[in-house]
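Here is the structure we will look at.
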Amino acid sequence: MAARQLNPAQLAAVHHLDGPCLVIAGAGSGKTSVITQKIARLLQAGYAAKNIGAITFTNKAAQEMRERATHLIGARAAKDLVISTFHSLGVRILRAEGPRVGLKEQFSILDSDDVLNVLKDAGGTTDMGQARHWQWTISLWKNQGYNAQDALKVAKDDDERAAAIVMERYQDRLSAYGAVDFDDLISLPLRLFASDAEARGKWQDTLRYLLVDEYQDTNSVQYELVKQLVGERAMFTAVGDDDQSIYGWRGATIENLKRLPQDFPQLKVIPLEQNYRSTSAILRAANNVIAVNPKIYEKKLWSEFGEGDPVALLEADGEEHEAERAVARINALRSEGKAPNYADFAILYRANHQARVFEKALRRAEIPYKVSGGQSFFDKAEIKDLCGWLRLLVNQDDDPAFLRAVTTPKRGIGHTTLGGLSEFSGKWKCSMFEALFAETLHTVLPRRAVDQLHEFGRTINELEFRCRTTFGAEDARVLLMDWLKDIGYEQHLLDSEENEKVGAARWSNVLDFVDWVSRRCGGQITQDGGATVEAEKQSVLQVAQTISVILSLAERGEEQDQVTLTTLHASKGLEWPHVFLAGVNEGLLPFKAEDEDMTPQRLEEERRLMYVGITRARTTLAVSTLRRRKKNRETVMGIPSRFIAEMRLHESQTKEDPREKLKKLREQMAAKAAVTAAAQSKAD
DNA sequence: TTGACTATCTTTTTT
DNA sequence: AGATAGTCAA
């Protein structure tokens, strides 16, 4: 967003420094400007950069905020700002205070896959679905601040009681491993601050002013952590929008917004209502929809961009037809010259699977597109396995990588052995890999286990040596294939999959990965012009070292001129000139599962989702419904979503179009004439 | 009864 | 794209 004079509400938000402040930032109201300007203001008021904390939910948001801040206040000042996600702030706290909560200094963080494996182990099942269900339930409990005992008390049925029991064993296992999961990154610092005034005071002194972005997405544990951090001084600014709270299903609660004025009576609430994104026609539809929800804080968006095109309401005969119409619309707007780029378009939908039909239609029309969200290549289990090995080669103290590598493929080293090893490494304050070669290891583990660990250690050392001394694409490929053969990875994939085809598909992903890594080891890289460029050869280890950087760059992707396909959830915070809202039907948006009954709260969240979708659009918005839609075997009648009526598109705008006025006048005169005529004929 | 193949059907997702 | 339920054959 271009630098622009702040409006009065934004200025008020930026300059309110002496107490707690809640900024209700409507969609497109320039909240990031407010946050970055406020940081600048805080520096001006004498706060040191290192004492200002800004908390976001995603790494992407944190990075963007840092970029904006750097732009505004310069790299030197920005570098000391504490801008991080809730989770990385948790890591920071735990790294410093780990021992106080019984954590070794080099604790591991398990990702979602690791957690699933531990749960399968702890719960004694191989059933993926069951493990997922436990993971989900346990995570929700943790996000409400419950430990295993609390969970057992609140468990409503046998299913939940079983989950609570698994949770207890899961926690035991985590502490044996010296590991934490994502949820612990918030709850452990909270527990620490609640019980340890010294640690709390220390962190309150470090983060003297706190800014919390997307406050409506906080869960109760995160809110408690914020409360502990800001303490009695209550120097903070929360920025959020109750109308854009769409993550209730994963523990976020707008109760946190209601509680804020109760917990901080001196709270200053500042709504930002001027929108710098959309036309009036679009904002009117958005305001009308969201007005149906009960409000916590009243606000109504407006903009200075004029009425603009009316919101288009489209009806399609079915999914395929809808996709065709989307394509037609893109082509039409482009040929009218209203949209120079494909990147000006987005197609938004409720559920991921809806993307498929659109992909097909776009491919056929040869329109470039990208599907945002969805699983990336590097999220696949087999790729993560191999990345685990490579990470361990690079940094042998990376315990999560160690755990992953040592257990895939299975080599007779189970949780008992690993528990012993972890305890040992915790006691001697070294990594698990280091512990593996300790002289005294045999005093805590049986001979056989120690032998197996040594065997693994030798494999790693040998592999590390070879990776360090192997250069160039061809040699790298040979080395990597040798390694996979040695550890029997292909067999492991084929064995662990019920279906041989699935196993083969996974193996083919592995081969792609080998190809990817070895190409990066150098030799020759062909540029797209066809010209071949000689690159410097790199060792396999060097490539492995940069892998995480390359991954995050690959994830970002170069900006290309493509139509965006994305879920409504993933669209929050983004904007496009032309937005196509697909499948706005009862059952889909609002979504309704077969067995579930719709609570008012659920419906309100769905309505907010619609609101988020509408407010993504800058200049044109098309809302599409299906007259027929596929359900089960047959095609059923599609009922337009109630949200369409709620947009009240037929209602004329406040400032009446002169042509409309004229039309109405004519009608009135005609009516009068009719009455007169009737009176005359009666008189006759 | 079991097993393989096919048809069907998907909520939303970050750390 | 991936899991799962259902179907058909041995």
Side-chain angles (χ1 to χ4, degrees), chain A residues 55-63 84-92 94 109-115 127-130 132-133 135-136 139-140 142-143 180-189 213-214 217-219 221-222 225 244-252 319 348-357 359-360 371-377 379-381 400 497-503 505-506 509 552 555 565-573 583 585 587-596 598 602-603 605-606 608-610 612-613 629-636:
Chain A
I55 309 181
T56 63
F57 273 85
T58 65
N59 286 318
K60 193 172 157 228
Q63 196 170 332
S84 74
T85 63
F86 267 105
H87 292 88
S88 42
L89 179 65
V91 173
R92 209 182 166 116
L94 290 181
I109 302 159
L110 302 186
D111 73 10
S112 163
D113 261 19
D114 299 327
V115 168
D127 183 355
M128 208 55 171
Q130 177 68 81
R132 270 220 190 90
H133 185 71
Q135 183 181 25
W136 178 258
S139 177
L140 278 181
K142 284 189 166 193
N143 285 333
V180 298
D181 63 22
F182 285 128
D183 302 320
D184 291 332
L185 293 177
I186 318 291
S187 55
L188 289 180
D213 193 16
E214 303 281 15
D217 289 341
T218 51
N219 60 41
V221 176
Q222 284 159 340
L225 184 63
Q244 291 185 73
S245 158
I246 53 175
Y247 286 108
W249 50 274
R250 65 177 195 211
E319 283 83 352
L348 309 183
Y349 38 79
R350 177 61 228 261
N352 274 315
H353 71 266
Q354 292 175 268
R356 269 190 60 232
V357 192
E359 282 187 75
K360 208 165 136 193
V371 186
S372 102
Q375 203 190 30
S376 95
F377 181 68
D379 290 335
K380 293 177 191 296
E497 285 307 329
E498 300 281 311
N499 187 337
E500 202 174 313
K501 255 190 195 158
V502 176
R506 292 197 192 280
N509 286 335
S552 57
E555 213 83 74
L565 300 183
T566 182
T567 61
L568 286 164
H569 282 92
S571 76
K572 187 155 75 95
N585 278 69
L588 216 49
L589 180 65
F591 184 86
K592 170 141 168 19
E594 292 287 321
D595 45 356
E596 185 193 25
M598 182 78 84
R602 275 253 312 116
L603 182 62
E605 183 155 318
E606 295 292 310
R608 291 193 289 268
L609 206 47
M610 178 77 183
V612 166
R629 73 192 182 92
K630 287 198 184 99
K631 186 158 190 194
N632 297 340
R633 182 160 313 166
E634 70 242 288
T635 323
V636 299

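Every chain is numbered from 1 and lettered A, B, ... according to where its sequence line falls, protein lines coming before strand lines.
Listed nucleotides: B/dT12, C/dA1, B/dT15. Nearest to the side chain of A/T567: B/dT12. Listed nucleotides: B/dT15, B/dT12, B/dT10. Nearest to the side chain of A/H353: B/dT10. Distance from the side chain of A/R356 is smallest to C/dA1 among B/dT15, B/dT13, C/dA1.
In this structure, the CG atom of A/L94 is 14 Å from the C1' atom of B/dT15, given to the nearest Å. Rounded to a whole Å, the CD atom of A/E214 is 14 Å from the C1' atom of B/dT13. Atom-to-atom, CE of A/M610 to P of B/dT12 comes out at 18 Å; the value is rounded to the nearest Å. The OH-P distance, from A/Y247 to B/dT12, rounds to 11 Å in whole Å. One interatomic measurement links the two molecules: CZ of A/F86 to P of B/dT14, which rounds to 17 Å at whole-angstrom precision. Separating the CG atom of A/D183 from the P atom of B/dT14 is a distance of 15 Å, rounded to the nearest angstrom. Rounded to whole angstrom, the span from the CH2 atom of A/W136 across to the P atom of B/dT12 amounts to 11 Å. Per the geometry, CD belonging to A/E319 stands 12 Å off C1' belonging to B/dC9, to the nearest Å.
Checked against A/I186 for a side chain to side chain contact (heavy atoms under 4.5 Å, CB included), the options A/N143, A/T218, A/L225 give a single hit: A/L225.
OP1 or OP2 of B/dT15 has not a single side-chain nitrogen or oxygen of A/S88 nearer than 4.0 Å. The phosphate of B/dT10 has neither OP1 nor OP2 within less than 4.0 Å of any side-chain N or O from A/N352.
Residue side chain A/F182 fails the stacking definition with respect to B/dT14, as its ring centre and the base's six-membered ring centre are not both under 5.5 angstrom apart and under 30 degrees in plane angle. Stacking of the aromatic ring of A/H87 onto the base of B/dT15 is not found under the criterion of centres within 5.5 Å and planes under 30°.
A salt bridge does not link A/R356 with A/E359: none of the charged nitrogens is closer than 4.0 Å to a carboxylate oxygen.
The side chain to side chain contact (heavy atoms under 4.5 Å, CB included) search around A/S571 returns A/L348, A/T566, A/W576, A/V612, A/R616, not counting sequence neighbours. Scanning for ring pair (Phe, Tyr, Trp, His ring centres under 6.0 Å) contacts around A/Y247 gives A/W249, A/H569, with sequence neighbours left out.
Annotation for A/R602: atom CZ counts as buried by contact number, over 12 foreign heavy atoms lying within 6.0 Å.
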